Amino acid sequence: MSLGSAVFAALYDASSRQAEETELAPRRAALLSGLAGSVFDVGAGTGANLPHFPAACTVTAVEPDPHMRRRLAAKLNTAAATVTVADASAEALPAPDASVDAVVFTLVLCTVPDPAAALAEAARVLKPGGRLLFLEHVRGSGRHAKLQDFVQPLWSVAVQGCHPNRDTLTALAAAGFSATVQEEFGVGPGWNPVNPLVVGSAVPDRRQAGQ
């Protein structure tokens with residue numbers, strides 16, 4: 001990992017604190033409130049989801065970056081759920097087929113190197129009836145989408161691989177998920193490249209997957 005990733009991890013919590021307090025934390029809490037059983041928190045970062053998992057969950061917090069993972073491990077005492085930290089990637093989840101009740105992606109599908117593979121992995125590990133939960137920033141429309149395309153190369157370098165212009169809802173459909181967006185919202189000024197954000201859930205279309 002580069003020095004850049006170490007600096008990014010060190011600054012991440014402070015740089016996102018205001019957005020977390022005003023917009024993101026309440027939505028994380030609402031999104032995760034009904035969970036129980038085996039849960040994979042993919043790209044768990046520094047542990048923003050940890051306080052919001054119910055005690056009925058057994059969580060595997062997947063985080064490939066060692067700098068993020070160290071900060072994540074230091075926050076395990078904020079969780080009511082039982083949490084295990086895993087050094088793994090979104091594209092190779094450490095779980096057998098059809099073994100997980102829920103897979104959670106929060107502000108991570110913008111960054112994973114291969115989002116199609118990550119979503120295929122989520123579909124693989126989910127039990128029949130399992131859900132994928134998401135809170136992600138997504139591609140906008142019109143001029144805003146053009147702005148996202150324009151800033152993307154520099155943005156990805158500055159923000160450790162983040163792509164503000166990823167069309168995550170289309171990617172979910174392409175991966176065989178049926179997604180329901182519960183809310184679309186923004187953080188900060190409307191021109192912010194990481195607007196809009198969406199919160200919702202998705203289930204695999206087993207018929208499309210041939211299962």
Side-chain angles (χ1 to χ4, degrees), residues 1-95 99-115 117-119 121-122 125-126 130-137 156 158-163 166 168 187 194 197 199:
M1 293 290 173
S2 68
L3 175 61
S5 68
V7 172
F8 183 75
L11 297 177
Y12 184 82
D13 286 344
S15 65
S16 61
R17 183 170 294 118
Q18 182 176 0
E20 282 291 338
E21 292 176 352
T22 60
E23 301 289 350
L24 299 178
R27 290 176 169 91
R28 292 181 193 271
L31 181 68
L32 306 178
S33 63
L35 290 179
S38 174
V39 178
F40 267 57
D41 185 10
V42 181
T46 61
N49 285 334
L50 291 179
H52 307 299
F53 286 112
C57 296
T58 301
V59 179
T60 302
V62 174
E63 178 48 58
D65 185 290
H67 307 293
M68 289 284 196
R69 201 165 56 244
R70 185 168 62 251
R71 287 165 173 78
L72 169 67
K75 295 180 183 176
L76 293 184
N77 62 354
T78 67
T82 300
V83 182
T84 301
V85 177
D87 176 7
S89 72
E91 297 90 344
L93 298 177
S99 62
V100 176
D101 293 293
V103 175
V104 176
F105 290 97
T106 56
L107 305 181
V108 65
L109 286 170
C110 59
T111 304
V112 295
D114 189 341
L119 293 172
E121 271 292 90
V125 303
L126 280 172
R131 295 183 296 154
L132 184 157
L133 303 181
F134 59 88
L135 190 169
E136 295 286 343
H137 65 79
S156 291
V159 194
Q160 292 298 299
C162 174
H163 294 71
R166 279 192 173 163
T168 295
V187 172
V194 296
L197 295 93
V199 180

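FYI, the numbering just counts along the sequence from 1. Treat the numbers as computed from the prediction; the structure is a model and nothing was measured. All values below come from the heavy atoms of this structure, side chains included, with hydrogens, waters and symmetry mates left out.
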Colleague: Compare every heavy atom of A122 with every heavy atom of L132, then report the nearest pair and how far apart it is.
Modeller: CD1-CB, 3.9 Å
Colleague: Checking the side chain of D65 only, and the main-chain atoms of M68 only, is there a donor and an acceptor separated by less than 3.5 Å?
Modeller: yes
Colleague: Under 3.5 Å, side chain of D101 to main-chain N/O of V39, donor-acceptor pair present?
Modeller: no
Colleague: Any donor and acceptor pair, going by atom type alone, linking the side chain of T58 with main-chain N or O of G37 inside 3.5 Å?
Modeller: no
Colleague: Between atom CG of N49 and atom CG of D41, what is the distance when rounded to the nearest 0.5 Å?
Modeller: 4.5 Å
Colleague: Measure across P94 and V62 and return the closest heavy-atom pair with its distance rounded to 0.1 Å.
Modeller: CD-CG2, 4.4 Å
Colleague: Are any side-chain N or O atoms of E91 and backbone N or O atoms of A118, one a donor and one an acceptor, separated by less than 3.5 Å?
Modeller: no
Colleague: Can a donor-acceptor pair be found, under 3.5 Å and without considering hydrogens, that links the side chain of S99 to the backbone of A95?
Modeller: no
Colleague: Measure across L35 and A102 and return the closest heavy-atom pair with its distance rounded to 0.1 Å.
Modeller: CD2-CB, 3.7 Å
Colleague: Counting only N and O atoms by type, is there a donor-acceptor contact under 3.5 Å from the side chain of H163 to the main-chain atoms of C110?
Modeller: yes
Colleague: Which heavy atom in V199 sits nearest to a heavy atom in R27, and how many Å separate them?
Modeller: CG2-CD, 4.2 Å
Colleague: Within the 4.5 Å heavy-atom criterion, are V42 and V112 side-chain neighbours or not?
Modeller: no
Colleague: If we only count heavy atoms from C-beta on, is the R166 to L109 side-chain gap below 4.5 Å?
Modeller: no
Colleague: In Å and rounded to the nearest 0.5 Å, what is the OG1 to CZ distance from T22 to R17?
Modeller: 12.5 Å
Colleague: Determine yes or no for a side-chain-to-main-chain donor-acceptor pair under 3.5 angstrom, with R69 supplying the side chain and V85 the backbone.
Modeller: no
Colleague: Of all the heavy-atom pairs spanning R28 and A48, show the shortest one and how long it is.
Modeller: CZ-CB, 3.5 Å
